[in-house]
Amino acid sequence: MKKLLALGLLIASLSTAAIVGSAPAHAQDNERPRALVQVVKSTPDVTVHTLVAPSSVFSVTSHIIEFKSQLFVVDGQFFAPFAADLKAYTTQLGKPVTRFYISHEHPDHYLGMGDAFPDVTVYALPGVRQHIEKDGPEQIAKWTAKLGPKMVAQHLVLPTRDAHAGREVVDGVALEFATLQDHEAAESLVIKLPELGIYIAQDLLYNGVHLWLPGSTEGWRKALTGLQAESGYTTFLVGHGQPTDRQVIGRNLAYLDTVDRIRRSATGGADYKAQLLQAYPDLGGAALLDIYLPLAYPAKP
Ligand SMILES: [Zn+2]
């Protein structure tokens with residue numbers, strides 16, 4: 001029931017949301033909300049762009065690292081229309097997408113891309129790759145049954161290359177890849193551009209959106225504390241929400257503290273949700289709470 005309610009809210013908000021976005025529009029689908037794209041930082045050697053889906057679909061992000069000769073893309077959107085926006089934007093840049101990274105195993109970061117990017121080479125951590133191979137077809141079937149084939153990509157592009165931690169120089173630009181365990185996801189890939197002070201954190205960080213928290217806050221808190229100790233980065237690209245600064249780490253830690261406090265006193269899922277919405281009336285993605293509440297507060301037999 002709660003899942004149905006969340007779905008209803010999602011569909012309702014999709015049909016009423018304002019049309020936004022700088023990605024080129026197609027004449028036949030002018031009526032839908034669009035993802036917004038912004039240039040985060042630019043030097044003579046590299047430009048980083050961020051696309052953010054509308055808040056009605058949880059502000060899921062994708063990032064484009066534009067080198068002199070090629071593009072790397074990080075994460076492929078939840079729903080097909082926003083992956084189409086991403087595709088239109090990358091096409092407009094006029095350089096080939098030579099690597100497409102998927103940061104972690106959750107479907108909101110890969111399910112949308114298959115129809116828009118059928119031919120890209122997809123990189124992911126080995127465990128993430130195995131999870132998507134197993135879970136991806138089920139996710140397509142599940143979400144297509146809920147939202148239909150226009151919203152859900154019907155083609156799955158599986159990762160074929162393993163991503164690894166380490167340093168690499170691409171077209172003269174230094175990149176650092178690192179892996180993190182047991183925070184929002186079981187494991188995830190982060191990509192840093194030290195010369196630009198950019199840290200592509202994906203779902204380690206949320207900005208202006210409720211965090212996905214069906215389980216313990218412990219591992220996530222540990223990962224955020226580790227990130228706080230890492231100096232040299234000033235711009236953080238999150239998995240949900242607009243690019244932001246270091247303050248986001250403290251805001252996410254405070255959110256985890258609030259969740260723990262509410263969990264100690266909440267009488268059940270409904271009370272937890274009410275208290276959390278009261279504590280954070282301005283955050284987007286409230287429908288995420290409806291989706292994870294049955295996991296956090298399973299119905300008693
Ligand atoms: Zn996510």
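Indexing begins at 1, ligand by ligand and atom by atom, following the structure's order.
- Taking the centre of each ring, His49 and His63 stay at or above the 6.0 Å mark.
- In this structure, a donor-acceptor pair under 3.5 Å is present between the side chains of Glu184 and Tyr206.
- Closest approach of Tyr272 and Leu293 over heavy atoms only: CD2-CD2, 3.4 Å.
- When the Zn ion (ligand 1) is compared with the N/O/S atoms of Asp203, atom OD2 turns out nearest.
- Among the backbone and side-chain atoms of His109, an N/O/S atom is found under 2.8 Å from the Zn ion (ligand 1).
- When distances from the Zn ion (ligand 1) to the N, O or S atoms of His240 are compared, NE2 comes out shortest.
- Of all the N, O or S atoms in Asp108, the one closest to the Zn ion (ligand 1) is OD2.
- Comment: Asp115 does not engage Lys87 in a salt bridge, judged by the lack of any side-chain N to carboxylate O separation of less than 4.0 angstrom.
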